[in-house]
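Protein chains get the first letters and strands the later ones, always in sequence-line order, with residue 1 at the start of each.
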Amino acid sequence: MKYNEYKNLDYARVGEDILKYWKENRIFEQSVETREGQPTFVFYEGPPSANGTPGIHHVMARAVKDIFCRYKTLQGFQVNRKGGWDTHGLPVELQVEKELGITKEDIGKKISVEEYNARCRETVMRFKSQWDDLTEKMGYWVDLDQPYITFENDYIESVWALLKKLYDKGYLYKGYTIQPFSPAAGTGLSSHELNQPGTYKDVKDTTIVAQFKVKQNEASEKLFTAANSDDVYFLAWTTTPWTLPSNSALAVGKGIRYVQVKTFNPYTHLPVQVILAKDLIGRFFSEKSAGLKFEDYKPGDKQIPFEVVAEYVGSDLNGIEYEQLMPYVQPDTPAFRVIIGDFVTTEDGTGIVHIAPTFGADDFRTAAQQNIPAITVVDDMGKAVPLVDRQGRFVPEVTDYAGKYVKNYDGQDESHADYKTVDVQIAIKLKEENKAFKVEKYEHTYPHCWRTDKPILYYPLDSWFIKTTSVKHRMIELNNTINWKPESTGAGRFGNWLENLVDWNLSRSRYWGTPLPIWRTEDGTEEICIGSIEQLAEEIDRAVDAGLMAEPLPASFDLHRPFVDNIILKSNHGKPMYRETDLIDVWFDSGAMPYAQWHYPIENKDQFKKNFPADFIAEGVDQTRGWFFTLHALAVMLEDSVAFKNVIANGLVLDKNGNKMSKRLGNAVDPFETIGKFGPDATRWYMIVNAPPWDNLKFNTDGVTEVQRRFFGTLQNTYSFFALYANLDNFTFAEAEVPVERRTESDRWIISKLNSLVKVVENYFDDYDPTKAARAIQDFVTDDLSNWYVRLNRKRFWKGEYNEDKMAAYQTLYTCLETVAKLASPIAPFYMDQLFLDLNKVSGKSNSQSVHLERYPKAVENLIDADLEERMALAQTISSLVHSLRKKHTIKVRQPLSRIMMPVLTDKMREQIAAVADLIQTEVNVKNIEFMDDSSAVLVKKIKPNFKRLGQIFGPKLKVVGAAIQGMSQEDIATLERENGFAFIFDEKEEVIITPEDVEISSEDIPGWLVASEGKITVALDTTISEELKQEGIARDLVNRIQNLRKDAGLEVQDKINLEIESENADVKAAVDYFRNYICEETQAVNFEVKNGIENATEIDLDGMLLKLGLTIAK
RNA sequence: GGGCUUGUAGCUCAGGUGGUUAGAGCGCUACACUGAUAAUGUAGAGGUCCGUGGUUCGAGUCCACGCAGGCCCA
């Protein structure tokens, strides 16, 4: 049996072949089955949506997931990976609407809800086969055969069951949220409808800077100290004066600077003191008025004097109370105070923002967080409603403006002289009451309803909520136990989000989604939340008995709209109950997957228990407030637990210029094309090795090419090298392993390095840092294994008998390759499996059918030898220095030299170098390494201050001391070393003593020699070339030329040859004479004749020495 | 506008707790090597460490304020 040898390996082909092999041998299934009974590693698949085609970023995200699942499998864990599909939601609906050429308005009219939803169901899985294809081709192992699908009845039923649990715990309630609303059309608008072209228009509105009078009490005392007897007001600007009756708070920016200004109201001319942002004084007070005297002011003067009397920061003002501006309706709980708002700026207005929680999303959110009530009235149904009704008119309680439209919704002629908007009427009233500081027209853009062209209002609309705020504290607490990669996403983005948590708005007014399972009586006094199909059937039976329904629930029933909408249930008091028409947020669907993927809690209790919470999940960072949040929120509320213990939030995949990929711009990278061209392994390896997953990746195929060449090319070369000679020698790893202590220094070194590698890679994987793992593996393969170990040991493989040393070399290299295959298999699953299989096919060392069924290698501590690794590093540095010296003096490596000399300052260093002397000598072609120490007395030493140490001792004096140290003479340094101390005298009095620990002494120069140094290592090269050395150089040159001839003649490595040589040159003759055996051995010549008149001779020029060579195959 | 994040050589990236000469790979140039050869070695060119201020004897590193890109949220 031979090791496979490849000419021009096709990496894409490797992917295809191995994929076929996996399928035929059920490797994925086996990797789960063979771990039966072992501890589980729980992974959750964040469901993608198959209504679009997959992109290259999906390869990235899924590579990250796959890596850790494979790694944990190698470690012996059982890792079930259930696939899943996210099927509900707006993108699906929009796509369907686009394809049908309809709008939301047409649903239920031009097309029935039933047909519409059928269309959605069909559309959402349209690209499933493409997704499945990519999943396989990129090597993402996930169970595609039994995925969870969010639109299936079982899934929806689970979601209902969870909703009911939340309902029973009191977490579900009906409230309102501020949404764009068109009073003219009587409907809410989605944000996407608001983004239609033409909805934002320039309009001129009356704006008011209102004066809110500060209440004098303990909290506000500081304002009045500055004010003497004047009244103090907050100034706040609004472009929607009709919201002023609904004001219940004022918001300031925490860090913004505010001033208190003494002046006069321009309309009433009364003395006032007003508070506004310091940066905005110029907007309200003219420079020209700066020096005016207050006693000179007469009512009506154009120039109004002003004076800054005090200054505050926003946090100083927090909590100060003020009098209600337009007291039509009183709130139930305390309001009218200053709060901190994160959205406050000094871009425009006054730096103080008027808050009307019923008419602004920021207002609503901030007020809710800081316990500020909204101003509402109670309607006929006993429900709290805002001061403006759904037609856009003030309610009767706002007496002065009752029934008036807040915008021109009733088509009045605005050009008429008597036309006054409600905003203007409010402005007039406030001016009269000394409550307006400035009134002016202001042009700005304002959104309009795309159907009616009338301005929209931000308006509270009914919504169902989950009371996440009630578990906020627990969510934060549990979040702190989650290992986030990167940490900042957990602490920052996610942590801040939790800190500012508001209740989860569950309602969506759509058609294709999980229906909210709540039925209510028309007056809202009775309701029921349904938690299962069984319960629904029972309730329907009751309704049938009461005559509300005609038939019981059929055996097969779709839980979507419109079918559930047609169900009418019977309340306890016998009234009919209708379903709340809302669908739920699709994020609830995906957040419910830990439960619903098993149809839990309806069934599969054990399955669920075994698979909750997840050990690991990974998705894009954009999921922080999406999937990560909903998973966490549901787990905390339902199970009082985290949903996941470790999470990687990966970044975006951008194009090579750092721009977002988009199909529209045409810069999107096709994953099939990339994998087809470079193969899945190089693609994955590039993505992982290039940057940590949580950084954005600038995807550049040049990088994939580089990875393919540098890493896979080198590894493959190394394998080919091994296979070539192992096949010649029939090495099958049949013999017992050569004991490590009988192996060479370099064998033990690479084994030590290998074991160190196993350790660090394990640590990196355990730390969920695949990039560092990949880089460590790559460095090992390219630098240690290929460029050093193999290069230094080439001869051992192709020269001489199949003896123990050769066996040791094969075994060592085999072990390295096999171990690398295992270590790297999570990242490059196809290629590494091929490598493993190619090796194992011959050796039969393992019974596994795949590297993915293997166990992760264990590092053997006593094979790791730090001293050995250190001295090999020394050998590398020294070799590099000698190469550099040879280069400088143009002495080629083939020319042997007699010796190098090295100053050594410690015995340890001498021992270390002596141990690797052979290697160095071979590598740089010198005969001897000699050491020098202090006793040789020719060393020139260099001294360098240890700044870190000296800085701590001398602080500011470091500059002088440092300079003094660097100025020390050779004698000074000798004194310091001899007496373990050296004294400087500064300014003729101050004595400073330094010790050898305060400095670093190195030897840098040897007078009369060629030297090179790096760090503490200095090498001197003896460049004298004796006659004998010269001849040996010629011999080596000859060998080189003969080898070239062999190669040119197309000889195989093992072919023997006859040699003939002819030359007049005495040196050549001498070299041939003296090194005949050496030349024969190196070139596998069985005969070597010096003669004249060679047939078919090749003429050779060795640095000016001419000769002729004849070469024939020896039979 | 807010939160988070990134900014180091032409490109992709390293640079624990501050230490004086900022590194690697690729690319470029030159030379060498040649039974791993579409490989390899050596050397060279290439840096306002995004900017400005500050702390410090000393800042790529710490602080503040900006600038530019990105994500999420408004």
Original post:
What residues, two or more places apart in sequence or in another chain, satisfy side-chain hydrogen bond (donor to acceptor under 3.5 Å, both in side chains) together with Tyr789(A)?
Top reply: Asp747(A)
Original post:
For the side chain of Val621(A), counting heavy atoms from C-beta on, which of G3(B), A36(B), C71(B) is nearest?
Top reply: C71(B)
Original post:
Sub-3.5 Å donor-acceptor pair from the side chain of Asp769(A) to the main-chain atoms of Tyr764(A), do we have one?
Top reply: no
Subject >> Strand partner of U52(B), provided both Watson-Crick or wobble distances fall under 3.5 Å >> reply: A64(B)
Original post:
What nucleic acid atoms does Arg949(A) come within less than 4.0 Å of, heavy atoms only: base, sugar-phosphate, or nothing?
Top reply: nothing
Original post:
Are any of Asn1040(A)'s side-chain N or O atoms less than 4.0 Å away from OP1 or OP2 of C33(B)?
Top reply: no
Original post:
Taking any strand in view, what nucleotide pairs with G25(B) in a Watson-Crick or G-U wobble way, both distances under 3.5 Å?
Top reply: C11(B)
**OP:** For Ile965(A) and G19(B), give me the distance from atom CD1 to atom P, rounded to whole Å.
**Re:** 18 Å
Original post:
Looking only at atom types and distance, does a side-chain atom of Trp237(A) sit under 3.5 Å from a main-chain N or O of Val353(A), one as donor and one as acceptor?
Top reply: no
Original post:
Does Arg625(A) place a side-chain N or O at less than 4.0 Å from the phosphate oxygens OP1/OP2 of C73(B)?
Top reply: no
**OP:** Mark yes or no for a side-chain to base donor-acceptor pair under 3.5 Å between Thr714(A) and A39(B), with no hydrogen or angle criteria applied.
**Re:** no
**OP:** Looking at every strand, decide which applies to Val790(A) at a 4.0 Å heavy-atom threshold: base, sugar-phosphate, or nothing.
**Re:** base
**OP:** Please state how far atom CZ in Arg794(A) lies from atom C1' in U40(B), giving the value in whole angstrom units.
**Re:** 8 Å
Original post:
Can you tell me how far P of A32(B) sits from CZ of Arg886(A), to the nearest Å?
Top reply: 15 Å
Any N/O pairs under 3.5 Å between the protein and nucleotides 9-13 of chain B? List them or say none.
unit_1: U12(B); atom_1: OP1; unit_2: Lys698(A); atom_2: NZ; d: 3.1
unit_1: U12(B); atom_1: O3'; unit_2: Asn690(A); atom_2: ND2; d: 3.2
unit_1: U12(B); atom_1: O2'; unit_2: Asn690(A); atom_2: OD1; d: 2.1
unit_1: U12(B); atom_1: O2'; unit_2: Asn690(A); atom_2: ND2; d: 3.3
unit_1: C13(B); atom_1: OP1; unit_2: Asn690(A); atom_2: ND2; d: 3.3
unit_1: C13(B); atom_1: O3'; unit_2: Arg775(A); atom_2: NH2; d: 3.2
unit_1: C13(B); atom_1: O2'; unit_2: Arg775(A); atom_2: NH2; d: 3.0

Subject >> Sugar-phosphate only, base, or nothing, as touched by Gly703(A) at under 4.0 Å among non-hydrogen atoms >> reply: nothing
**OP:** Start with the C-alpha gap between Phe797(A) and Asn793(A), add the side-chain angles, then the distance that decides, and say whether side-chain contact (heavy atoms from CB on, under 4.5 Å) holds.
**Re:** CA-CA 7 Å; Phe797(A) 291 89; Asn793(A) 289 282; 4.1 Å; yes
Original post:
Taking only side-chain nitrogens and oxygens of Arg493(A), does any of them come within less than 4.0 Å of OP1 or OP2 of G70(B)?
Top reply: no
**OP:** Name the nucleic acid region contacted by Tyr725(A), choosing base, sugar-phosphate or nothing; use a 4.0 angstrom heavy-atom cut-off, strictly under.
**Re:** sugar-phosphate
**OP:** Taking the six-membered ring for Trp and the single ring otherwise, decide whether the centroids of Tyr11(A) and Phe678(A) are under 6.0 Å apart.
**Re:** no
Subject >> Asp655(A) and Lys698(A) ion-paired at < 4.0 Å >> reply: no
**OP:** Identify whether any heavy atom of Ser488(A) sits under 4.0 Å from a base atom; if not, whether one sits that close to sugar-phosphate; answer base, sugar-phosphate or nothing.
**Re:** sugar-phosphate
Subject >> Closest to the Asn496(A) side chain, choosing from A39(B), G3(B), G41(B) >> reply: G3(B)
**OP:** Would you mind classifying the nucleic acid contact of Thr782(A) as base, sugar-phosphate or nothing, using non-hydrogen atoms under 4.0 angstrom?
**Re:** nothing
**OP:** Select base, sugar-phosphate, or nothing to describe what Arg710(A) touches, counting heavy atoms under 4.0 Å on all strands.
**Re:** sugar-phosphate
